[in-house]
Amino acid sequence: MTAQRTIPFSPPDINQADRDAVCEVLQSGWITTGPRTKQLERELAAYAHAAGCATFSSATMALECALRALGIGPGDEVITSAYTYTASCSCICHVGATPLLCDTAPGSFEMDYDQLSTLITPKTRAIIPVDLGGRMVGYDALFAALKRAGAEGRWHPAGENEQAARAEEKLGRPIVLADGAHSLGATYHGEPSGSVADMTAFSFHAVKNLTTAEGGALTWRRGLFDDEELYRTFMLLSLHGQTKDALAKTKVGAWEYDIAFPGYKCNMTDIQAALGLSQLARYESLLARRHEIVAAYEAGLADLPLEIMAHEGVDEDGQPYRSSAHLLIARLAGEGEAFRNAFIEALAARGVASNVHYKPLPLLTAYKDLGFSIHDFPNAFAQYENEVTLPLHTCLSDEDVAYVVDAVHEAFAAVSENGS
Ligand SMILES: *Cc1c(COP(=O)(O)O)cnc(C)c1O
């Protein structure tokens, strides 16, 4: 065995240019929402081929504000995957709508679109799919399942405000709001995340591919909404409902403002945006390095009964996809929770941090309390019970990756001997 290393799970990759960009803002005299935030919104919209982009304090708030901008609230139903992080569902609870959970398809991390179609009711106002690990879901199959509900008369446009009504009418199905927390830079059939779902929320949390420490953004598709009006709504929602942002209000003599409604407070700051812009400038090279590491893992672990989620290839319909290589999601084929948990400990003993993405929502107290039971989500449980996520980030050297590959082999052998 080689000398022990410590391999963290997902440290932020911050370079000198990032530090300089943040220092510049600190010295500029303007540190909250201002020119850098607006520039980040423009650059993200362009990068994602989206009609528009609004930034927020987190992806969670981006999701919540998206639901609010569509007038979704009490009496409405929103469907998301049982196999996700709480934020995909808590946003539904925050706005007072009713969350419905969909099981994954057998052997898949994506929702079962046949089941999804049966969950659609006249009250369904939005679907929140999750681009797990940075791989965009099968949007064509998702859209088709939703359209089927409309064609079969189980759903019809009934959006509660003008934006939602207009979009539903155009689409002939409920609005798809992607949890793209992992998928910035991913493509589906050649189209970037942010331009495929009707709306997409990105996360810039410290562990994500591109970070602003905390932060998020929402993009929306071209030709679906009144873009300027939607952007204005997001600015109001994220800043008290105030008709002028702090920068505009600070201009000499321009003190006058109104509060359109008692809004929220979840705007991004220029300090965060400067970090985001600096990261975005080198994001393509970060993605390339991530894919290099995925390839090294795939080659190094090919001899083990470890099923690694694919990050690049062609779909069943022959169209290409490429993920953002956010998470190295692997399954210990044929094993259960006890083996997986022992495997994680064996990796930890070798200095390698790993994780589980995700514990299905029905296993968590909050969602049990809402009446969900894991027994109704057998496929999600089967994906979860032997899932392990290995370190995948741009602070890993080739030697680190080789070390993790060795550690995985050793851990696998050790747990196989002891356990079953
Ligand atoms: C990180 C994450 C979020 C939440 O992002 P925040 O920016 O922390 O709010 C939502 N969904 C998924 C799948 C995530 O991994």
Side-chain angles (χ1 to χ4, degrees), residues 7-18 21 39-50 53 55 59 109 130-137 139 178-197 200-213 215-217 219 272-300 308-315 319-330 355 357 389-398 400-401 404:
I7 309 289
F9 184 71
S10 188
D13 183 350
I14 304 293
N15 71 8
Q16 191 57 46
D18 295 338
Q39 191 188 337
L40 180 61
E41 288 172 344
R42 285 192 299 272
E43 292 196 13
L44 284 170
Y47 182 71
H49 296 186
C53 174
T55 51
F109 289 107
V130 186
D131 294 335
L132 187 76
R135 171 142 176 215
M136 294 171 72
V137 303
Y139 282 95
D179 180 338
H182 301 171
S183 67
L184 183 73
T187 56
Y188 172 76
H189 298 184
E191 300 298 327
S193 180
S195 70
V196 178
T200 304
F202 296 112
S203 174
F204 310 131
H205 179 270
V207 302
K208 301 303 201 292
N209 277 18
L210 182 151
T211 189
T212 61
T219 61
Q272 293 165 301
L275 181 52
L277 283 164
S278 181
Q279 297 238 314
L280 189 57
R282 69 172 189 286
Y283 192 57
E284 283 305 309
S285 72
L286 295 176
L287 285 182
R289 175 62 184 154
R290 283 177 171 274
H291 278 278
E292 236 173 58
I293 295 170
V294 170
Y297 275 132
E298 285 172 344
I308 297 176
M309 189 189 85
H311 285 275
E312 193 162 15
V314 286
D315 285 336
Q319 298 266 7
Y321 67 85
R322 188 170 192 261
S323 83
S324 63
H326 177 55
L327 296 174
L328 202 291
I329 288 182
N355 236 309
H357 293 85
T389 314
L390 299 176
L392 171 54
H393 55 79
T394 47
C395 297
L396 290 172
S397 65
D398 290 348
D400 289 335
V401 176
V404 177

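As a basis for the values below, the full set of heavy atoms in this structure was taken, side chains included, without hydrogen atoms, waters or symmetry mates.
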Is there a side-chain contact between [X] and [Y], using heavy atoms and a 4.5 Å cut-off?
X    : Y    : answer
D131 : Y139 : yes
L396 : I7   : yes
Y321 : M136 : no
K208 : L184 : no
P391 : Y297 : yes
R282 : T394 : no
L328 : V294 : yes
D315 : H189 : yes

Within the 6.0 Å centroid threshold, strictly below: F9 and H357: yes

Side chain to side chain contact (heavy atoms under 4.5 Å, CB included) evaluation trace for Q272 with F204: CA-CA 9 Å; Q272 293 165 301; F204 310 131; over 6 Å; no

Please name the pair of heavy atoms, one in [X] and one in [Y], separated by the smallest distance, quoted to 0.1 Å.
X    : Y    : result
Q279 : N209 : OE1-O, 4.2 Å
G180 : T200 : CA-CG2, 4.0 Å
P192 : V196 : O-CG2, 3.8 Å
R290 : L392 : NH1-O, 3.1 Å

Roughly how far, to the nearest 0.5 Å, is [atom2] of [Y] from [atom1] of [X]?
X    : Y    : atom1 : atom2 : result
S324 : H182 : OG    : NE2   : 8.5 Å
S323 : R135 : OG    : CZ    : 8.5 Å
C53  : F202 : SG    : CZ    : 8.0 Å
D398 : I293 : CG    : CD1   : 7.5 Å
S10  : H326 : OG    : NE2   : 6.0 Å
T212 : L40  : OG1   : CG    : 8.0 Å

Within the distance-only criterion (no hydrogens, no angle test), does the side chain of [X] pair as donor or acceptor with the backbone N or O of [Y] below 3.5 angstrom?
X    : Y    : value
H393 : P8   : yes
T219 : S195 : no
T211 : H205 : yes

Working for side chain to side chain contact (heavy atoms under 4.5 Å, CB included), residues L275 and I14: CA-CA 9 Å; L275 181 52; I14 304 293; 4.0 Å; yes

Qualifying salt bridge (charged side-chain N to carboxylate O under 4.0 Å, His left out) pairs, either residue in residues 320-329, two or more places apart: E312-R322

Would you tabulate the side-chain donor-acceptor contacts of residues 42-50 under 3.5 Å, counting partners in other chains and residues two or more places apart, or write 'none'?
from : atom 1 : to   : atom 2 : distance (Å)
E43  : OE2    : Q39  : NE2    : 2.8
Y47  : OH     : E284 : OE2    : 2.5

